[in-house]
Amino acid sequence: MKVTLKIFRYNPETDKKPHYDRFVVEAEATDRILDLLESIKNYQDGTLSYRRSCAHGICGSDAMRINGVNRLACKALVKDVGNKVTVEPILGLPVEKDLIVDMEPFFDHYRSVMPYFVGGEENPKKEQMQSPEDRERFDDTTKCILCAACTTSCPSFWASGEYIGPSAMVNAHRFIFDSRDQAAAERLKILNDQYGVYRCHTIFNCTDACPREIQITKAIGELKKAIVTARLD
Amino acid sequence: MQTRKIPHPGWNLEYLMFLFTRLSGLAFFLLAIIGVMAALLMGARYQMDLGTLMRWTFFPNPNHVLDSDIPDVTFGWDNGFWQIMQFLIIFFGGTHGLNGLRVVLEDYVHRPFWQIVIKLLIFVLWIFMILVAVFVVLGS
């Protein structure tokens with residue numbers, strides 16, 4: 001079948017403002033949108049720019065707006081999006097070129113929540129054990145691949161780049177609810193802020209957008225509860 | 001997973017208003033149940049007009065009740081208990097709603113100057129609403 005792609009284009013060196021280009025590509029229903037982009041870049045317009053790496057839904061490089069919905073181009077199939085496809089960069093982050101956005105503001109928020117394990121002793125003498133039940137508690141939020149599909153689908157983040165965003169909170173959740181971690185209180189203090197958990201208005205866009213199907217709004221709800229009760233259940 | 005206690009992350013306006021919003025939402029259910037039961041006991045069960053029933057439930061003020069078709073029910077509403085109920089309903093409802101407006105403000109107004117101006121207006125409106133509520137409740 002023939003698939004028509006309408007793609008957001010912007011080259012800061014030559015364009016005053018963004019525009020859209022149309023490309024027609026021969027494709028199978030089971031092809032991925034990333035395959036179509038590769039075909040355009042290889043055979044029609046080598047200047048088309050986008051991020052990709054593993055192409056298997058793990059690295060999180062190719063998050064983009066496909067027909068108005070945040071998806072990974074390597075996981076979105078032609079049969080799921082139809083033969084008229086609009087491809088745009090994710091919203092809320094500055095566009096650098098075509099489908100590439102500046103991810104630094106996103107990673108700044110990620111870094112701000114201490115997304116690393118903080119153990120008790122500096123040189124522990126024995127292994128810190130964790131029961132399967134304790135590990136299960138934060139299993140869902142370990143799946144995050146930092147693709148930014150959630151954060152850039154959130155109207156609160158579109159409105160204010162200062163908002164820490166769902167992805168950073170998911171990664172905070174991953175360590176806060178880890179029974180071995182010792183910095184939960186510090187992370188919750190960071191999130192107990194106007195631009196922390198309170199800017200989440202529970203509209204569930206992030207949960208819908210997550211390509212890893214993480215229950216993000218639920219995780220943020222658990223963070224709110226932990227702040228209010230000062231307990232980690 | 002065992003429950004772990006952690007130090008409280010600290011008090012701030014956002015935290016307090018977040019808590020208030022949840023508690024006032026719950027309080028509304030309680031106040032509404034008391035209001036609707038009292039309204040039905042005091043004559044609304046003969047009056048099938050839903051609008052009137054809601055008016056009785058959420059603002060049990062003798063003047064409101066007089067406006068309905070049910071004659072002479074002023075006595076049941078005209079006491080300190082219902083005055084406190086009226087004030088609580090207005091306080092919880094108004095504060096809950098205006099705080100919601102404050103919270104979503106930054107989603108729609110991006111310039112810091114206008115954010116400050118509108119937040120100030122919301123605060124003045126809140127004070128004005130509380131004062132009018134006290135006047136109406138005590139004056140009824």
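These numbers were taken from a predicted model, which means no experiment stands behind them. Order of the sequence lines sets the chain letters (A, B, ...), proteins ahead of strands, with each chain counted from 1.
Counting heavy-atom pairs under 4.5 Å between each of A:I190, A:V228, A:D193 and chain B puts A:V228 at the top. Between chain B and the residues A:R231, A:R135, A:K189, the most heavy-atom pairs under 4.5 angstrom are made by A:R231. In terms of non-hydrogen atom pairs under 4.5 Å with chain B, the most contact-rich of A:E186, A:K224, A:Q194 is A:Q194.
Around CZ of B:F81, the count of heavy atoms belonging to other residues, nucleotides or ligands within 6.0 Å exceeds 12. Within a 6.0 Å sphere centred on CZ of B:F123, other residues, nucleotides and ligands contribute 12 heavy atoms or fewer. Within 6.0 Å of atom OH in B:Y108, 12 or fewer heavy atoms from other residues, nucleotides or ligands are found, so the atom counts as exposed in its surroundings. Within a 6.0 Å radius of NZ in A:K225, other residues, nucleotides and ligands contribute 12 heavy atoms or fewer. Within 6.0 Å of atom NE2 in A:H19, more than 12 heavy atoms from other residues, nucleotides or ligands are found, so the atom counts as buried in its surroundings. Heavy-atom contacts from other residues, nucleotides or ligands closer than 6.0 Å to CD of A:E213 number 12 or fewer.
Shortest non-hydrogen contact noted between B:V103 and A:R199 is O-NH2, 3.4 Å.
The side-chain heavy atoms of B:D107 and A:P155, taken from C-beta on, include no pair separated by under 4.5 Å.
Between B:F18 and A:Y198, the angle of the ring planes lies from 30° to 60°, which puts this pair in the tilted group.
Heavy atoms of A:Y195 lying under 4.5 Å from chain B belong exclusively to its side chain. At a 4.5 Å heavy-atom cutoff, the contact between B:H8 and chain A is made by backbone and side-chain atoms alike. Contact annotation for B:N12: only side-chain heavy atoms (C-beta onward) come within less than 4.5 Å of a heavy atom of chain A. At a 4.5 Å heavy-atom cutoff, the contact between A:S156 and chain B is made by backbone and side-chain atoms alike.
Not one N or O on the side chain of A:N192 forms a donor-acceptor pair closer than 3.5 Å with the backbone of B:W11.
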*Determine, stepwise, if the pair A:D233 / B:R4 fulfils salt bridge (Lys or Arg N to Asp or Glu O under 4.0 Å).*
CA-CA 7 Å; A:D233 296 319; B:R4 286 185 291 152; over 6 Å; no

*Taking it one step at a time, do A:L232 and B:T3 satisfy side chain to side chain contact (heavy atoms under 4.5 Å, CB included)?*
CA-CA 5 Å; A:L232 300 170; B:T3 299; over 6 Å; no

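To the nearest 0.5 angstrom, A:E162 atom CD is 8.0 Å from B:E106 atom CD. Atom CD1 of residue B:I6 and atom CD1 of residue A:I227 lie 8.5 Å apart, to the nearest 0.5 angstrom.
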